[in-house]
Asker: 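Handing you this structure, nothing more for now.
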Amino acid sequence: MYSPALPLTGWIFDVYPTSGGMVVWIVDAEGKSHRLVDPFQPSFYAAGPVAALRQLAADLSRMRLAAPVGMARRQEFWTGEPRDVLEFILLDPERQPALLRRLAVPRPGITLYDCDLPLSLSYCHARRVFPLAKVVVFPNDAANPKFEIRNPKLRFEVEGSAWDLEYPEPPLTLMALTGQGDEQGRGAPLGKLRSLTISCEGETTTLDEGDPETLLGELNTLIRRLDPHVLVTDWGDAFLVPALLGLARRAEAPPEFDREVVRRRIRSAGRSYFSYGRVVYQAPSYPFFGRWHLDSRNSFLLKETALAGLLELSRLSKVPVQKMARTSPGSAISMMQLDRALTDGILIPWKKGEPERWKTAWDLLVADKGGLVYQPITGLYEGVAEIDFASMYPAMMVHHNISPETVDCACCPDNAAPEIGYSTCRRREGLVTRTLRPILLRRQALKRLRDAAFGPARERYDHRQTALKWILVTCFGYLGYKNARFGRIEAHETVTAYAREKLLTARAIAEARGFRVLHAIVDSMWIQKAGATEAESRDLCRAIREAVGIAINLEGIYKWVSFLPSRVDPAVSVANRYLGAFRSGELKLRGIDLRRSDTPPLVAEAQQRMVEILAQADDLAGFAARIPEVLEVFVEYAWRLREGQVRLTDLTIKRTVSKEAGEYKTNSQIGLASRQMADRGVAVHPGERVRYVITDADARSAEDRVRAIPFLAPDTLYDTGKYLELLCRAVETLLWHHGYDHGRLLRILAERGVIPE
DNA sequence: CATTCGCGGGG
DNA sequence: GTGTACGCGAATG
């Protein structure tokens, strides 16, 4: 294989293991890609009685997995004390899974550290580089006589650091690929690949099916000519790449996605798993070698933070971009904690250390409450201000030094959190604290840069700060996650205990200053005071900040805000159903139809238009004055439904299935729709979405009630009455406080002749 | 009426 | 590399 001449200047594009070492891809200033291989044997450590260590060393050596290299002294995570450990090297990074299987056999007295770190992280750490670092690569001539096997072939000189706010980016060429299948719902295309659209550098080509060899040949010609670094696909993992690989198998002409020879299996089954309280379906993934495959439909971070945010996180967490695109913000923060620990010379326990301590029933009762949530005072209000704590949880974790190893330390029993009594260490700064502090500062700096910038630069800063926002949001959840490496439930509880105290304090201060607190949730408060100025609200924020030590900001002042009651019992208010219009013109909508992903587009569109009309009102009088205009929109949409002129795609209900079609117990709409799919040979996996139209909600025969999208016929009729009901509900949400309930709305439709009296 | 089932939220 | 929350609302039987 071609081997580039050193020294070489460029950016680190990707890093992944190969036999005996790591592949390092460098993209130079001309955009040319270079593949380097660097021998690499990562270290890991074991502590325990000498005899057991000797036995372990003998076993691993015999299996040619790892070799002992001598004793070392490193810092223990939980205690912060130095610990003597036996250092090993993993002989071949590709055999890390085999090593872990071997180490899983219980060995009395032995504790293992660092053995399961991601290899790209270990490598970057050992060579002091990071993804997207601008580097000059030299051949490494200085041999280390002690461990010949560990001698790297490469030496890097890095320009700047991963934490620089401004950095030069490699000149990347992006190619966008979209495939059309037999059926194109709003989800992944299905069936056979019908055509392929390729866009790159302003050129767009569409290749139709027909002879697979021709299609693949033309795709390869384009890839060769334009030589993209990044292939951005639409549904690449779930549909396009496996479809192209399938064509290639028949045509024996593989698509040239990779820059090295790769044999891969075509996997069509993904996996379903439970996360965040719901089932998620993960399509199989098809990473490329020497290029990045970024599937915009299979990357939460790419969708939320664009390429700029992805690059930002990749640099900071040392997870290569292509991998970062497919991981969650939670693993990004975990990687940053690992990196911090490595840099600080801390031993990283293989499995989660400390078991939870014993708790009394009382402790459990108070500690497990989570965030504080008030019941709002239902109603429609004007002149309400909303104030929010900024990044409350992470800011508190830093402020109170809350980290798994600092909670309930032996040395500072007097520094207890409110209610629950766990204290946090004052002497040793925790790992979580050390990881978060620079991220909080960096996010602030990026927001300032954003506010001073214009156009694309502004957007880029915003994407980068958004990426950091996501990892800040998830780091708190990880503290309470029992499988997280640096999670500990007591730390999680300490955070929520402080959070409750701070919100209570904020409330008390607001009330002492004559504000009425209408509502408060976790880190936000809605307050009202007759004749209060904006300055007065800002002054209140300052007072709260001084009292609790965490920044709280004026989110805005509402022209009007509506806190809605429960639909089940109108006498009860609910915390998360409200809407309002800020003086800035922005809307804030929570929990209403429009925000729900299972509301049909037509209903969402109608409600959006109505809210926008109401948002023009400056106060309650203006709100009331606009009601007739809102009702006009309502009647207009009702007419369209009645006339039967609405397109079925605008009536589609989209829901996520949580089980296989056969497991649904009742004839719920979603169960029926998923069974229709299964019966016709299109399995919908738990976590995937199913789309359907309500055809006759109350039909005796269950099969007639709904129709899954792929099986709509041109003459399929929708259930007008049912959709009118959904529309009424959306109007009711907006006009509830003026007495427009379902019955009154139906009377209006009858008066206008939309429905019979 | 009880049971089943999906959704939201963060800045 | 994965947060098995928690409460609401709708639909079913």
Side-chain angles (χ1 to χ4, degrees), chain A residues 116-118 121 271-280 282 285 304-305 317 319 323-324 326-335 337-338 368-371 373 375 386 388-394 443 447 462 465-485 487 489 492 496 521-524 553 555 564-569 572-577 586 588-599 653-659 663-672 674 686-687 689-690 694 697-698 702 705-706 722 725-726 729 733:
Chain A
D116 60 337
L117 298 181
L121 176 63
R271 63 193 188 103
S272 299
Y273 62 88
F274 210 89
S275 160
Y276 239 121
R278 53 136 109 11
V279 181
V280 182
Q282 183 141 49
S285 80
E304 291 287 320
T305 76
S317 66
V319 177
K323 191 163 219 179
M324 178 60 69
R326 289 174 178 77
T327 54
S328 64
S331 11
I333 186 73
S334 269
M335 294 306 158
Q337 291 170 352
L338 293 178
D368 281 338
K369 268 193 303 192
V373 176
Q375 298 285 103
E386 180 183 338
D388 297 349
F389 283 104
S391 297
M392 187 195 217
Y393 286 165
R443 175 150 185 250
K447 280 166 99 171
D462 194 51
Q465 73 83 18
T466 306
L468 297 185
K469 178 206 78 182
W470 279 112
I471 60 173
L472 289 173
V473 165
T474 43
C475 72
F476 161 69
Y478 254 48
L479 263 190
Y481 176 38
K482 64 174 181 303
N483 293 334
R485 197 185 301 254
I489 196 68
H492 189 269
T496 53
I521 317 177
V522 186
D523 56 359
S524 309
N553 301 312
E555 170 83 354
L564 293 161
S566 160
R567 296 193 104 116
V568 179
D569 179 358
V572 173
S573 65
V574 292
N576 278 315
R577 268 166 54 80
E586 261 174 282
K588 185 144 186 173
L589 314 170
R590 290 297 179 267
I592 69 169
D593 317 57
L594 186 45
R595 295 280 295 194
R596 294 179 63 98
S597 60
D598 60 350
T599 298
I653 293 173
K654 177 180 70 177
R655 281 196 172 128
T656 310
V657 303
S658 61
K659 51 192 90 181
E663 296 169 27
Y664 279 93
K665 291 180 181 156
T666 60
N667 285 329
S668 60
Q669 295 176 347
I670 188 166
L672 292 168
S674 90
R689 269 174 262 277
V690 73
I694 303 175
D698 302 322
R705 292 180 195 167
V706 301
K722 198 73 204 171
E725 199 181 312
L726 296 180
R729 209 183 282 159
T733 300

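Numbered from 1 within each chain, the chains take letters A, B, ... in sequence-line order.
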Asker: List in chain and number order the residues that pass side chain to side chain contact (heavy atoms under 4.5 Å, CB included) with A:Arg689, two or more places apart in sequence or in another chain; answer none if no residue qualifies.
Answerer: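 By the side chain to side chain contact (heavy atoms under 4.5 Å, CB included) rule, A:Arg689 matches A:Lys654, A:Thr656, A:Arg691.
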Asker: Return the set of residues passing salt bridge (Lys or Arg N to Asp or Glu O under 4.0 Å) with A:Arg595 (not counting sequence neighbours), or none when no residue passes.
Answerer: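 Once residues adjacent in sequence are excluded, A:Arg595 has no partner under the salt bridge (Lys or Arg N to Asp or Glu O under 4.0 Å) criterion.
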Asker: Roughly, in whole Å, what's the span from CD1 in A:Ile694 to P in C:dA11?
Answerer: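 Rounded to whole Å, this separation is 7 Å.
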Asker: Within the pair A:Ser331 and C:dT2, is there a side-chain N or O less than 4.0 Å away from OP1 or OP2?
Answerer: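 Looking at the OP1 and OP2 atoms of C:dT2, one of them is under 4.0 Å from a side-chain N or O of A:Ser331.
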Asker: Whole angstroms only, please: what is the CD1-P distance between A:Ile653 and B:dC7?
Answerer: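 A:Ile653 atom CD1 is separated from B:dC7 atom P by 11 Å.
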Asker: What does A:Lys323 touch in the nucleic acid at a heavy-atom separation under 4.0 angstrom: a base, only the sugar-phosphate, or nothing?
Answerer: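 No contact.
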Asker: With a non-hydrogen cut-off below 4.0 angstrom, is A:Arg689 in contact with a base, only sugar-phosphate, or nothing?
Answerer: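 Result for A:Arg689 = nothing.
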Asker: For A:Lys469 and B:dG9, what is the distance between atoms NZ and P respectively, to the nearest whole Å?
Answerer: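 In whole Å, B:dG9 P and A:Lys469 NZ are 13 Å from each other.
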Asker: Classify A:Gln669 by what it touches in the nucleic acid, base, sugar-phosphate, or nothing, heavy-atom distance under 4.0 Å.
Answerer: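 Touches sugar-phosphate only.
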Asker: Please list, chain by chain and in numerical order, all residues satisfying salt bridge (Lys or Arg N to Asp or Glu O under 4.0 Å) with A:Arg729, sequence neighbours excluded.
Answerer: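 Listed in chain order: A:Glu725.
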Asker: Mind checking the OG-CZ spacing from A:Ser331 to A:Arg485? Nearest 0.5 Å is all I need.
Answerer: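 Result: 12.0 Å between the selected atoms.
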Asker: How would you label the contact of A:Ser597 with the nucleic acid (heavy atoms, under 4.0 Å): base, sugar-phosphate, or nothing?
Answerer: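 Sugar-phosphate: the residue A:Ser597, judged by heavy atoms under 4.0 Å, touches backbone atoms but no base.
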Asker: For A:Gln337, check side chain to side chain donor-acceptor pair (under 3.5 Å) against everything at least two apart and list the hits.
Answerer: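 In terms of side chain to side chain donor-acceptor pair (under 3.5 Å), with neighbours along the sequence ignored, A:Gln337 is linked to no residue.
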Asker: With rounding to whole Å, what would you report as the distance between B:dG11 and C:dT4 at their C1' atoms?
Answerer: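 Rounded to whole Å, the distance is 26 Å.
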Asker: Could you write out each protein N or O paired with an N or O of nucleotides 2-6 of chain B at a distance under 3.5 Å?
Answerer:
unit_1, atom_1, unit_2, atom_2, d
B:dC5, OP1, A:Lys665, N, 3.1
B:dC5, OP2, A:Lys659, NZ, 2.7
B:dG6, OP1, A:Ser658, N, 3.4
B:dG6, OP1, A:Ser658, OG, 3.3
B:dG6, OP1, A:Tyr664, OH, 2.4
B:dG6, OP2, A:Ser658, OG, 2.5

Asker: Between C:dT4 atom C1' and A:Ile489 atom CD1, what is the distance in whole Å?
Answerer: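 It works out to 13 Å between those atoms.
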Asker: Just how far, in rounded Å, is P of C:dG9 from CG of A:Leu726?
Answerer: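 About 16 Å, once rounded to whole Å.
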Asker: Nearest to the A:Arg705 side chain among B:dG11, C:dG13, C:dG1, which nucleotide is it?
Answerer: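 Looking only at side-chain atoms, A:Arg705 lies closest to C:dG13.
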Asker: What about A:Arg485: does its side chain form a donor-acceptor pair under 3.5 Å with the base of C:dG1?
Answerer: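 Answer yes: a donor N or O sits under 3.5 Å from an acceptor.
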Asker: Checking all strands, does A:Asp523 fall into the base, sugar-phosphate, or nothing category for heavy-atom contacts under 4.0 angstrom?
Answerer: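 The answer is sugar-phosphate, as A:Asp523 gets under 4.0 Å only of primed atoms, P, OP1 or OP2.
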Asker: Let me know the distance between CG of A:Leu589 and C1' of B:dG8, rounded to the nearest Å.
Answerer: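 In whole Å, B:dG8 C1' and A:Leu589 CG are 13 Å from each other.
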Asker: For A:Gln375, does the CD atom sit with more than 12 other heavy atoms under 6.0 Å from it, leaving out its own atoms?
Answerer: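 Yes, CD of A:Gln375 has more than 12 neighbouring heavy atoms, counting only those of other groups under 6.0 Å.
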Asker: For the pair made of CZ in A:Arg567 and P in B:dG8, what is the distance, rounded to whole Å?
Answerer: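 Rounding to the nearest Å, CZ of A:Arg567 and P of B:dG8 are 15 Å apart.
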Asker: On a whole-Å scale, what distance lies between the P atoms belonging to B:dG9 and C:dT2?
Answerer: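 Between the two P atoms, the distance is 23 Å.
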Asker: Which of the following nucleotides, C:dC8, B:dG11, C:dG13, is nearest to the side chain of A:Arg577?
Answerer: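 Looking only at side-chain atoms, A:Arg577 lies closest to C:dC8.
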Asker: If the plane angle is over 60° it's perpendicular, under 30° parallel, otherwise tilted; pick one for A:Phe476 and A:His492.
Answerer: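 Answer is parallel, since the angle falls under 30°.
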Asker: Only counting residues at least two apart or in another chain, list the ones meeting salt bridge (Lys or Arg N to Asp or Glu O under 4.0 Å) with A:Lys447.
Answerer: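 For A:Lys447 there are no salt bridge (Lys or Arg N to Asp or Glu O under 4.0 Å) partners, ignoring immediate neighbours.
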Asker: Considering only C:dT12, B:dG8, B:dG11, which nucleotide approaches the side chain of A:Arg443 most closely?
Answerer: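 Taking heavy atoms from C-beta onward, the closest nucleotide is B:dG11.
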Asker: Can you check the A:Trp470 CH2 to B:dG9 P distance for me, whole Å?
Answerer: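 My rounded result for the distance is 11 Å.
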Asker: Measuring from the side chain of A:Asn667 (C-beta onward, heavy atoms only), which nucleotide among C:dG13, C:dG3, C:dT2 has the closest atom?
Answerer: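 Among the listed nucleotides, the one closest to the side chain of A:Asn667 is C:dG13.
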